[in-house]
Amino acid sequence: MPVPTRRRFSVLTALCAAAVLAAPSAPASAANPYERGPAPTNASIEASRGPFAIAQVTVARSSVSTFGGGTIYYPTDTSAGTFGAVAISPGFTASQSSIAWLGPRLASQGFVVITIDTRSTLDQPDSRGTQLLGALDYLTRTSSVRSRIDATRLGVMGHSMGGGGSLAAARTRPALQAAVPLTPWHGTKSWSTVRVPTMIIGAENDTVAPVSSHSEPFYTSLTVAPDKAYLELNNASHSAPTSGGNVTVAKYSLSWIKRFIDNDTRYDQFLCPAPSGSAIQEYRATCPHA
């Protein structure tokens with residue numbers, strides 16, 4: 001006997017609903033395949049180590065020509081897929097040891113990180129920018145960890161002249177996903193062609209690269225960058241990013257690269273609305289981020 005039309009519709013509806021309930025739910029990260037690690041908390045982004053176990057490998061100066069060697073820090077677990085990568089440059093007269101603390105800290109949060117030595121400790125910012133890009137190319141094309149990296153998700157960081165170098169690298173390679181200059185120094189004051197999401201971290205008491213003539217005009221000049229932020233460290237000096245564990249530098253650098261290299265909007269909560277606190281003298285940003 002044929003099933004009446006109305007009843008047949010009800011039966012089909014019930015069957016469809018049952019199928020939906022029986023189907024396995026999609027993982028929470030399906031909407032963003034680049035998310036790595038659990039949902040962040042304030043405690044997790046302030047921690048000295050993240051959820052990923054890491055290893056490191058030395059890049060000998062003699063084995064490369066585009067930068068002065070360095071150290072790669074990387075997550076050992078590849079079950080989540082590939083990771084974004086970040087290259088970090090030291091400042092004038094400094095070696096990678098000055099910014100080495102950022103390597104394991106960021107890698108353990110789900111990035112491949114290379115802290116570099118420059119070809120000469122006297123290299124100027126533009127040269128450091130070129131070397132940062134050389135280090136990223138080495139990571140993605142030649143290094144022993146290249147299969148762990150998503151070459152479309154890359155960023156740069158640097159301290160002082162290395163910070164100026166990260167701006168120069170962002171200007172040269174607009175395909176980068178993020179730049180984080182740390183108390184940056186550069187003779188060029190306008191970065192109006194930079195199209196990379198950039199967070200500049202300055203220091204209130206910086207006498208080497210005073211914020212009034214470096215970080216602040218750099219930030220203001222970023223007129224076409226789709227997203228930008230300026231964080232000024234309260235009562236801090238030029239060397240604050242090299243102090244071996246500045247929590248404010250680490251947590252907001254991490255939040256920025258997570259947000260823009262991993263497109264992880266779970267980190268928006270730490271960037272917008274503007275963060276505040278005793279460690280922050282000033283914060284400006286293009287909130288909400290695109």
Side-chain angles (χ1 to χ4, degrees), residues 26-56 71-88 99-115 145 148-150 153-157 159 177-180 182 197-201 227 229-234 236 240-280 283 285 287-289:
S29 60
N32 175 19
Y34 307 131
E35 287 181 6
R36 299 291 179 266
T41 65
N42 197 61
S44 75
I45 65 172
E46 290 186 351
S48 61
R49 291 294 182 272
F52 291 91
I54 62 169
Q56 66 185 71
T71 306
I72 301 170
Y73 305 86
Y74 61 94
T76 56
D77 183 4
T78 59
S79 62
T82 54
F83 298 93
V86 183
I88 311 176
I99 40 88
W101 70 279
L102 284 164
R105 188 156 188 156
L106 298 178
S108 67
Q109 295 282 359
F111 291 97
V112 176
V113 181
I114 182 168
T115 57
V145 299
R148 299 172 184 264
I149 300 170
D150 180 346
R153 299 191 289 121
L154 307 175
V156 287
M157 296 175 62
H159 172 245
Q177 300 298 299
V180 185
L182 307 171
T198 301
M199 168 180 273
I200 295 176
I201 298 182
D227 291 281
Y230 171 65
L231 188 157
E232 186 174 310
L233 300 167
N234 184 46
T242 67
S243 60
N246 187 295
V247 173
T248 304
V249 169
K251 71 185 287 188
Y252 293 109
S253 297
L254 171 64
S255 296
W256 193 261
I257 63 175
K258 278 287 191 180
R259 175 61 181 83
F260 293 103
I261 293 179
D262 285 357
N263 194 33
D264 195 337
T265 56
R266 298 178 300 174
Y267 287 80
D268 269 334
Q269 61 183 302
F270 308 112
L271 302 169
C272 297
S276 61
S278 60
I280 299 175
Y283 192 93
C287 288
H289 294 303

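What you see below is based on every heavy atom in this structure, not just the backbone, and it leaves out hydrogens, waters and symmetry mates. If you're wondering where the values come from, they're calculated on a predicted model, not measured in any experiment.
Taking each heavy atom of S253 and I201 in turn, the nearest pair found is OG-CD1, 3.7 Å. What you find for L231 and Y252 is that their closest heavy atoms are CD1-CD1, 3.5 Å. The shortest heavy-atom contact between V180 and W256 is CG2-CD1, 3.9 Å. Closest approach of L233 to A240, counting heavy atoms only: CD1-CB, 3.8 Å. In terms of heavy atoms, P75 sits closest to V112 at CD-CG2, 4.2 Å. Residue P288 comes nearest to C272 through the heavy atom pair CA-SG, 4.3 Å, listed as atom of the first residue, atom of the second, then distance.
Note that CD of Q109 and CD1 of I257 are 9.0 Å apart. Values are rounded to the nearest 0.5 Å. How far CG of L254 is from CD1 of I261: 10.0 Å, rounded to the nearest 0.5 Å. Rounding to the nearest 0.5 angstrom, the gap separating the NE2 atom in H159 from the CG atom in L182 is 7.0 Å. Atom CD of Q56 is separated from atom CD1 of I114 by 12.0 Å, given to the nearest 0.5 angstrom. Going from atom CD of Q269 over to atom CD1 of I45 covers 7.5 Å, rounded to the nearest 0.5 Å. We find the OG1-OH distance between T115 and Y73 to be 4.5 Å, quoted to the nearest 0.5 Å.
Side-chain N or O atoms of N234 include one that pairs as donor or acceptor with a backbone N or O of S278 at under 3.5 Å. A donor-acceptor pair under 3.5 Å links the side-chain atoms of N32 to the main chain of N263, judged by distance alone. Judged purely by atom type and a 3.5 angstrom limit, R153 uses its side chain to pair as donor or acceptor with the backbone of T82.
D268 is linked by a side-chain contact (heavy atoms from CB on, under 4.5 Å) to R259, T265, H289, counting only residues two or more places apart in sequence or in another chain. With sequence neighbours excluded, no residue forms a ring-ring contact (aromatic ring centres under 6.0 Å, His included) with Y283.
A 4.5 Å side-chain heavy-atom check between F52 and R36 finds at least one atom pair inside the cut-off.
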Could you list the donor-acceptor pairs under 3.5 angstrom formed by side chains in residues 99-108, with sequence neighbours left out?
from, atom 1, to, atom 2, distance (Å)
W101, NE1, P241, O, 2.8
R105, NE, A47, O, 3.4
R105, NH2, E46, O, 2.7
R105, NH2, A47, O, 3.4
S108, OG, G50, N, 2.7
S108, OG, P104, O, 3.1
S108, OG, R105, O, 3.0

